[in-house]
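Both counts, for ligands and for their atoms, begin at 1 and track the order of listing.
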Amino acid sequence: MLLHFFKNMKLVFLGTGGSYPTPQRNVPCIALKFQGDILLFDCGEGSQRQLMMSSLSFMQVKKIFISHFHGDHFLGIPGLVQSMNMNDREDPLEIYGPKGTASLIKGLISRGFFGPGFPIHIHELNPSARLEFDNYCIEAIESEHDVPSLAYSFQERDKKGRFDRLRALDLGVPEGPLFSELHEGNSVKVDGKLIRPEEVVGPPRRGKKVVYTGDTRPCQTIIEAAERADVLIHDSTLDSSMSERAMERGHTSADMAASIASKAGVGRLFLVHISPRYTDVKSLEEEAREIFENSSVPEDLFEFEL
Ligand SMILES: [Zn+2]
Ligand SMILES: [Zn+2]
């Protein structure tokens, strides 16, 4: 029986700044690596170079989820597509986004002279759309920005409970196919004695949940969607002294993001979309931690295993 000592899921913060790139931070792009697939949440200009400087392969990007069509969130797509093409990609690329995605992306990748040689499928999502994949699902969440926008929730499927091998042996079950039968939830008979799965299999383990907000004002739909998430990655453009200004422009300040994390009871908060005005982010981190202790501002290329 294989023991899974390694983790199969990690986040790579490829771009943590907002609005435009600075020497410290590139524009938004968060990668989630899950069982060999890479999903990108937003893909700002220069994201392909960030990918190349990270531990991830840009060729393994399978799906891109765009929160909205302000330039800092999607202008990395044509360059990335061109590089995939030049590296003989054949696998399809799926691109998801709010209303308007199809015409924008089609226009973008038909510019220039590099028609991609691999399929690109474009999907427009309504808020609350739910996409089911093999071992996870993605939910679109209504967010509040000044153009059509979506936040996204990644949810790994619940996993089977742990199999208690020693207990099974104790009960007289021989190692082999009967172990799998029990782990699959079926009772088995050993020497005329019925062994039920609940005797050797623990309770199902909750799959991980990660929520990415994109650009947004604080909003109730995100608090609800992020309930008990393992990780919340929230817009935190400005500090608390500029909360009003943040709200006016469809953004959130660090303290407000922290209170959302606290209300939703998440495990950890990452503050992103940091305004180019901050070269030092200590004050943002400190004011968030006063409200929600497990808050931090990741640097570009920071990796977090789940
Ligand atoms: Zn932005
Ligand atoms: Zn925006």
Would you list the protein N, O or S atoms within less than 2.8 Å of the Zn ion (ligand 1), leaving out water? Asp72 OD2, His73 NE2, Asp215 OD2, His273 NE2

I'd like to know if the side chain of Asp235 and the backbone of Thr216 have a donor-acceptor N/O pair within less than 3.5 Å. yes

Less than 4.0 angstrom from a charged side-chain N to a carboxylate O is my criterion; do Glu227 and Lys263 meet it? no

Considering only NZ, NE, NH1 and NH2 on the basic side and carboxylate oxygens on the acidic side, decide whether Arg130 and Glu139 come within less than 4.0 Å. yes

Hydrophobic cluster partners of Met247 (side-chain heavy atoms under 4.5 Å): Met256

Identify whether NZ of Lys or CZ of Arg in Lys208 sits under 6.0 Å from the centre of the six-membered ring of Phe34 and within 45° of that ring's axis. no

Is a donor on one side and an acceptor on the other found under 3.5 Å between the side chain of Asp42 and the backbone of Gly214? no

